[in-house]
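In listed order, ligands and their atoms are each counted from 1. When reading the values below, keep in mind they use all heavy atoms of this one structure, side chains included, and skip hydrogens, waters and symmetry mates.
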Amino acid sequence: MIDVKQKRLFLGNDHGAIVIRPAVIQAAKLLGFEILDFGTDSVESVDYPCYAKKVCDALKDNAGIGILMCGTGIGVSIAANRYRHIRAALCHEEQEAQLARQHNNANVLCLGGRILTPEMAAKLTNLFLTSTFEGGRHQKRIDLIDTIDNLDDLTC
Ligand code: RB5
């Protein structure tokens with residue numbers, strides 16, 4: 001269950017994102033988010049699926065929203081989207097971060113530490129955490145995703 005009003009942010013990252021991590025944390029704190037931090041701030045090489053798992057597991061048991069980061073953002077987004085309760089959006093520019101919430105009701109933002117500047121990472125964090133799901137026709141489409149185990153099962 002996503003409830004951004006709770007202002008609880010679950011954060012996870014590997015070594016590939018330590019350059020943007022402080023900017024993301026600062027942007028979320030400025031918005032008044034409580035941060036539950038599962039990420040690393042070390043350059044020591046670690047495995048991004050383990051960090052995605054920590055955040056996704058936490059989001060199963062708690063209301064809130066997540067941000068996952070790795071070098072490209074791709075690895076954590078692939079891992080996070082294996083979970084049925086997760087809608088993870090890999091974003092590179094402002095409109096994506098906004099629409100991920102407004103249209104897709106994404107509950108995890110994925111960012112690439114080797115792709116984005118800290119300034120852009122902060123901007124995307126801000127937009128993602130302040131945008132609201134629009135519901136309506138978008139809810140119907142999300143419901144369609146939730147009814148399927150396999151895209152082969154979707155008859156449209
Ligand atoms: C780690 O070197 C790197 O592969 C990881 O951070 C991420 O980019 C994977 O998608």
Item to complete: Identify, by atom number and element, the atoms of ligand 1 in contact range of H15, meaning under 4.0 Å from any of its heavy atoms.
Response: 1 (C), 2 (O)

Response to the item:
Quick note on ligand 1: atoms under 4.0 Å from a heavy atom of G71 include exactly 5 (C), 6 (O), 7 (C), 8 (O)

Worksheet entry | Minimum heavy-atom distance A97-F128, with the two atoms named | O-CD1, 3.6 Å

Practice prompt. Starting from atom 3 (C) of ligand 1, locate the nearest protein heavy atom and write down its residue, its atom name and how far away it is, to 0.1 Å.
Written response: R114 NH1, 3.8 Å

Worksheet entry | Nitrogen or oxygen atoms of G75 and ligand 1 under 3.5 Å apart | yes

Worksheet entry | N or O pair under 3.5 Å between G16 and ligand 1 | no

Practice prompt. May I ask you to identify, for T72, whether its side chain, its backbone, both or neither come under 4.0 Å of ligand 1 on a heavy-atom basis?
Written response: both

Response to the item:
Scanning both residues in full, the closest heavy-atom pair of G75 with C70 reads N-SG, 3.7 Å

Discussion item. So if I apply the side-chain hydrogen bond (donor to acceptor under 3.5 Å, both in side chains) rule between N105 and each of R101, H103, Q102, which one comes out positive?
Written reply: R101

Item to complete: Measure the distance from atom 5 (C) of ligand 1 to every protein heavy atom, then report the residue, atom name and distance (to 0.1 Å) of the closest one.
Response: D14 OD2, 3.3 Å

Worksheet item: Any N or O of Y48 that comes nearer than 3.5 Å to an N or O of ligand 1?
Response: no

Pair up each side-chain donor or acceptor in residues 35-48 with any protein partner under 3.5 Å, not counting sequence neighbours, and list the distances.
residue, atom, partner, partner atom, Å
D37, OD1, R21, NH1, 3.0
D37, OD1, G39, N, 2.9
D37, OD2, R21, NH1, 3.2
D37, OD2, R21, NH2, 2.7
T40, OG1, S42, N, 3.0
S42, OG, E44, N, 2.9

Worksheet item: For Q95, does the CD atom have more than 12 heavy-atom neighbours from other residues, nucleotides or ligands under 6.0 Å away?
Response: no

Worksheet entry | E93 CD: over 12 foreign heavy atoms closer than 6.0 Å | yes

